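No experiment lies behind these values; they were computed from the predicted model shown. Throughout, a chain's letter reflects where its sequence line sits, starting with A, and its residues are numbered from 1.
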Amino acid sequence: MRVPLTSLSEGQEAVVVEITFGGPSSSTGFWGGFRRRLGWGWRGKGGPGCGAVKRLADLGILPGAKIKVVRKAPLGGPIEVEVHGSRFMIGRGLASKIIVET
Amino acid sequence: MKYASIPARGIRGGHAEPDLRIALAGQANVGKSVIFNQLTGLHQHIANWPGTTVDKAEGTLYYKGLIMKVIDLPGIYSLTHLSIEEKISRSYIARERPDVVVNVVDATALERHLIFTLQLLELERPLILVLNMMDLAEKYGIEIDVDVLREELGVPVVTTIATRGRGVAQILDAAIELHRTGYSPKKIRYGKEVEERVERLEAALGEIDLPYPRRWIALKLLEKDEEIWGLVGEKNPRVIELASELITELESIHGHDSLIIIANERACIASQIARRCIRIVKPRKPTLGDRFDEIATHPILGYILAAIIFAGLFSIVFGVGGIIAELSEEYLSEIMRDAWVRILGINPISEVGWSAIESILFLLGLAIPYILPLYFLTFLLENWGYLARVSFLMDSLMHKAGVHGKAVIPMLLGFGCNVPACLAARIMDTWRERIITILMTTLVPCSAVTVVVMGLVGRYFGVSWVIGLYLLTLLIAFILGSIASRILPGVPVELIMEMPSYKVPSIKTILTMTWIRLREYLEIAAPLIIAMGALVKVLEISGLLDLISSTLSPITSSWLGLPKETGVLLIFGILRKELILTTLAALLGTIDFSQALTPNQMITLSIVTILYIPCAATISVLLKETGTKTTLVITLAEISLAILIGGIASKLLLTIGIS
């Protein structure tokens with residue numbers, strides 16, 4: 001079954017299938033307009049989350065990797081995972097974009 | 001396995017040309033800085049990399065008749081993703097061409113670290129692989145066949161337990177040997193589809209004038225590396241066109257992003273190598289650290305533990321600090337003042353001079369009793385591995401302010417002193433996150449502010465009012481952080497952080513780091529503090545202070561409802577916040593403030609004190625870390641905020657009957 005990493009329970013293991021991204025645009029809405037009027041562009045190019053995919057890849061969190069949820073932080077906090085014997089914490093929002101196969 | 005303790009002790013190499021230049025590279029939490037400190041001791045120099053606030057740590061040492069220069073490259077995750085640290089590291093390796101690159105890895109997570117090692121190998125500089133934390137690996141039942149690893153990679157491999165100094169000298173031996181005999185690493189081969197395209201790109205690149213190896217450039221083009229796309233695009237736009245075509249081909253074959261394809265193949269290679277040289281001799285049993293983590297990250301107990309640990313930290317800092325500070329203030333300051341007056345007499349010039357000296361004394365009186373233990377204990381917690389757990393617990397709360405869990409560390413330090421706290425904001429990954437964190441940190445009431453608030457509100461209303469005021473301040477900090485995160489350009493970065501295993505801290509490393517940071521603190525803060533001290537004295541003697549004070553009176557008296565002398569207090573308070581209380585006492589001639597201030601005024605003055613401006617030392621750090629413009633914005637914003645909130649509070653208090 002394909003589910004986001006966030007829906008695994010503590011201690012459960014799965015295999016990463018894909019990492020999905022399509023973040024919201026940052027120049028829309030009230031504050032986005034404010035930002036545009038101030039002439040503040042992007043610092044750094046690439047879409048939202050683009051850097052995060054790379055960073056996850058560097059940690060070995062790639063399609064095909066075995067991933068285990070060690071624990072979840074309270075109040076929608078980050079998820080601690082174990083991949084290739086090392087442990088990381090990943091923000092909940094980011095973790096919800098990691099799709100795994102159980 | 002045989003270890004030898006390190007015989008090398010750094011001696012200052014002066015300005016002599018080094019015989020060997022060594023660069024330490026590795027990911028975060030591998031003990032790289034421990035190794036750096038073991039190698040160079042106090043003979044190190046910390047500056048910033050040009051145009052950044054990233055630390056550039058260099059040291060010189062003398063070993064077996066050779067002068068060696070060691071540079072500690074910033075801790076990074078990879079050479080593909082472009083954070084500032086990564087850009088610095090790879091461009092240093094490619095452009096400065098160190099004689100040897102020492103790649104420090106965590107032996108307990110070799111497979112993951114090998115991914116980074118493979119990327120370093122692609123930069124084609126002589127490389128030594130250092131397997132650190134061998135003691136932990138043994139404890140976890142991980143056996144690594146060093147000979148197989150050496151064979152697989154074609155590079156020298158050294159094993160170390162850096163916290164105990166074991167194997168550190170062997171790194172130097174290996175470096176000398178490697179420099180002497182030359183270097184023959186294995187070529188890392190990707191799958192057929194990738195290799196074909198790398199070759200085509202290499203051919204198209206020809207003799208392009210860039211400091212990086214050609215094969216590496218070709219790979220980075222396929223990985224859509226922005227910096228390399230830009231660099232190549234300027235010189236040869238046709239290659240970029242070809243690269244885009246090849247990427248499209250690759251992606252249609254594999255059905256993944258080209259970046260993922262290459263990362264995946266690299267991870268496979270790393271995993272194959274790891275499988276050949278790692279043997280798990282016993283399954284990993286839950287360690288003491290794992291059991292401790294059950295508490296440290298527990299949804300209820302975790303917060304209680306964090307509260308206890310930080311309450312303990314601050315009571316040590318303030319307890320120890322208070323005793324030392326009192327002694328030095330009573331004796332040292334008075335003795336020096338007497339001597340000063342005896343030599344120079346009492347005249348305006350000697351007064352201005354004395355106030356500059358007083359500023360230095362104050363700075364030392366803050367640095368040695370308070371900042372030193374604060375740094376020491378924080379580094380202790382960090383080295384042990386605990387701080388990461390606090391980030392884990394606080395992440396969701398920090399998200400309310402648009403930053404992630406790491407920002408909690410600078411904010412907590414802020415309760416001690418804003419200066420080290422703002423410097424600690426460097427742990428944030430991006431410029432955006434750093435600015436938000438610094439903004440929030442400057443609002444955290446530091447120990448000096450606490451002196452004022454306790455002396456007014458705490459003394460006459462009780463501690464619960466102080467706690468109330470602090471919660472209000474933190475709420476304001478979070479609201480401002482959240483506004484800043486909406487205004488500032490860029491996208492929020494989510495927390496991705498290693499959960500390090502608990503380690504026995506290396507006291508030597510912690511002491512070195514404390515000393516280096518303390519020195520940095522004095523260097524940054526001293527000039528502005530001394531200048532401001534003298535300036536305020538000049539204003540006072542010339543009578544301008546009263547003029548400024550009466551100019552400010554529409555704000556201080558009419559809007560905030562404070563006594564007319566408040567302007568003077570607030571100007572002194574810029575030097576250091578606790579001067580607000582001492583100056584007030586001096587003006588009144590008594591420390592019973594209730595005679596001169598109404599309850600309403602006490603609370604309003606406390607609020608204004610908390611919010612109105614970062615102190616001179618903090619402004620110095622802001623200037624260094626964020627630049628003039630941002631410093632100005634933050635300072636002005638906080639002054640307006642103090643006036644606004646102070647005035648509203650004063651009126652509100654009136655309506656509930658506190659006049």
Fill in: Heavy-atom proximity to chain B below 4.5 Å, by part of A:I61
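Contact with chain B involves no heavy atom of A:I61 at all.
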Worksheet item: Step by step, would you call B:F392 with A:E80 a side-chain contact (heavy atoms from CB on, under 4.5 Å)?
Response: CA-CA 8 Å; B:F392 180 77; A:E80 184 182 342; 3.9 Å; yes
Worksheet item: With a cut-off of 6.0 Å (strictly less than), are more than 12 heavy atoms of other residues, nucleotides or ligands near NZ of B:K503?
Response: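 Check passes, neighbour count above 12.
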To the nearest 0.5 Å, what is the distance between [atom1] ([X]) and [atom2] ([Y])?
X: A:L62; Y: B:I261; atom1: CG; atom2: CD1; value: 11.5 Å
X: B:H404; Y: A:L94; atom1: NE2; atom2: CG; value: 10.5 Å
X: A:H84; Y: B:L110; atom1: NE2; atom2: CG; value: 11.5 Å
X: A:L75; Y: B:M394; atom1: CG; atom2: CE; value: 10.0 Å
X: B:M499; Y: A:S86; atom1: CE; atom2: OG; value: 13.0 Å

Practice prompt. Would you mind telling me which of A:P78, A:A65, A:G77 has the largest number of heavy-atom pairs within less than 4.5 Å of chain B?
Written response: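 Max contact count across the listed options: A:P78.
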Worksheet item: Looking at A:A95, A:G91, A:G76, which one has more heavy-atom pairs under 4.5 Å with chain B than the rest?
Response: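 Most heavy-atom pairs under 4.5 Å with chain B: A:G91.
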Worksheet entry | Interchain contact, B:Y303 with chain A, by part (heavy-atom threshold 4.5 Å) |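 For B:Y303, the contact with chain A is made by the side chain alone.
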Item to complete: Heavy-atom distances under 4.5 Å only: say whether B:A388 touches chain A with side chain, backbone, both or neither.
Response: both
Practice prompt. Report the C-alpha separation of A:I90 and B:L495 in whole Å, then their side-chain angles, then the decisive distance to 0.1 Å, and conclude whether the side-chain contact (heavy atoms from CB on, under 4.5 Å) test is met.
Written response: CA-CA 5 Å; A:I90 302 174; B:L495 184 73; over 6 Å; no
With heavy-atom distances below 4.5 Å as the criterion, would you say the side chains of [X] and [Y] are in contact?
X: A:P63; Y: B:N264; value: yes
X: B:E294; Y: A:R71; value: yes
X: A:M89; Y: B:D395; value: no

Discussion item. Give me the atom names and distance for the closest heavy-atom approach of A:F88 to B:E498.
Written reply: CD2-CA, 3.8 Å
Item to complete: Pick whichever of B:D293, B:I115, B:L397 has the most heavy-atom pairs under 4.5 Å with chain A.
Response: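 With the most close heavy-atom pairs to chain A, the winner is B:D293.
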Practice prompt. Output yes when B:D290 and A:R87 qualify as a salt bridge under the 4.0 Å nitrogen-oxygen rule, no when they do not.
Written response: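 A salt bridge is present here (some side-chain N lies under 4.0 Å from a carboxylate O).
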Worksheet entry | Any side-chain donor near an acceptor of the partner, B:S396 and A:R92, under 3.5 Å |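 Side-chain D/A pair, B:S396 to A:R92: absent.
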Worksheet item: With distance as the sole test, does B:E494 use its side chain to make a donor-acceptor pair with the main-chain N or O of A:G93 at under 3.5 Å?
Response: yes
